[in-house]
Structures are given as structure tokens and as C-alpha cells.
Amino acid sequence: MKVEKKRAMTNAEKQKKYRERQKAQGKKEMRGYLSEEALACYELIAQQTKWSDSVILSNAVRLTYAAYKNGQIGLLNSWLKEHKL
């Protein structure tokens, strides 16, 4: 009787499988680059909250949407410009 060994998955295969599971759960991957100002804010938020990149990004999008829905997007943008963030 022969025992079949499963072939180990490569890192690329693991990443692909992970992305497929996330997509199946209705999640969307977003990518981008942070400005120096945004990176400083990100580092402070991550340090203070211990949130993952995904949680920080999700909350940033949700907060921006909340500001938009409440007619505060202009106020938010002005505050960011005044405080050079």
C-alpha cells in the first residue's frame, strides 16, 4: 500500500488561496502608497490602537464616508489642509 504525500504549497499558491477566500467573503483588496504625512499618521494610529493594516484602512474609508454622508467632507478636508496632514 502506497501512502500519497501532499505536495507542499508554494508561498505564491498560499497567497492566491488566501486572496480567493477573502474575495469569496466579499472583501476587496485595495493598494496604494502613503504620503509622508499619511505614513506618520498611520504609524501613530497603529501604535496607539494595535490595529492591523486592514482595520486601519477599513476604518479610514468608513470615517471618510461618514463625513461625506453628514455633509462634513469639506470641513474634514479643510482641517487636514490647515494641520498639514
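- The environment of CZ in Arg21 is crowded: more than 12 heavy-atom neighbours from other residues, nucleotides or ligands sit within 6.0 Å.
- Atom OG of residue Ser78 and atom CD of residue Gln72 lie 10.5 Å apart, to the nearest 0.5 angstrom.
- When each of Lys17, Lys23, Lys16 is tested with Arg19 by the rule side chain to side chain contact (heavy atoms under 4.5 Å, CB included), just one qualifies, namely Lys16.
- When all heavy atoms of Ile56 and Trp51 are compared, the closest pair comes out as CG1-CB, 3.7 Å.
- Among residues two or more places apart in sequence or in another chain, the side chain to side chain donor-acceptor pair (under 3.5 Å) test is passed with Tyr42 by Asp53.
- Residue Thr64 comes nearest to Ala60 through the heavy atom pair OG1-O, 2.8 Å, listed as atom of the first residue, atom of the second, then distance.
- Taken from CG in Asn70 to CG in Leu76, the straight-line distance is 11.5 Å, to the nearest 0.5 Å.
- Listed by chain and number, the residues in a salt bridge (Lys or Arg N to Asp or Glu O under 4.0 Å) with Arg31 are Glu29 (sequence neighbours excluded).
- Listed by chain and number, the residues in a side chain to side chain donor-acceptor pair (under 3.5 Å) with Glu13 are Arg7, Thr10 (sequence neighbours excluded).
- Follow the hydrophobic side-chain contacts under 4.5 Å out from Val55 and you never reach Val61; the two are in separate clusters.
- Heavy atoms of other residues, nucleotides or ligands lying less than 6.0 angstrom from CD of Glu36 number 12 at most.
- In the hydrophobic clustering of ILVMFWY residues, with side-chain heavy atoms under 4.5 Å counting as a link, Leu39 and Ile45 come out together.
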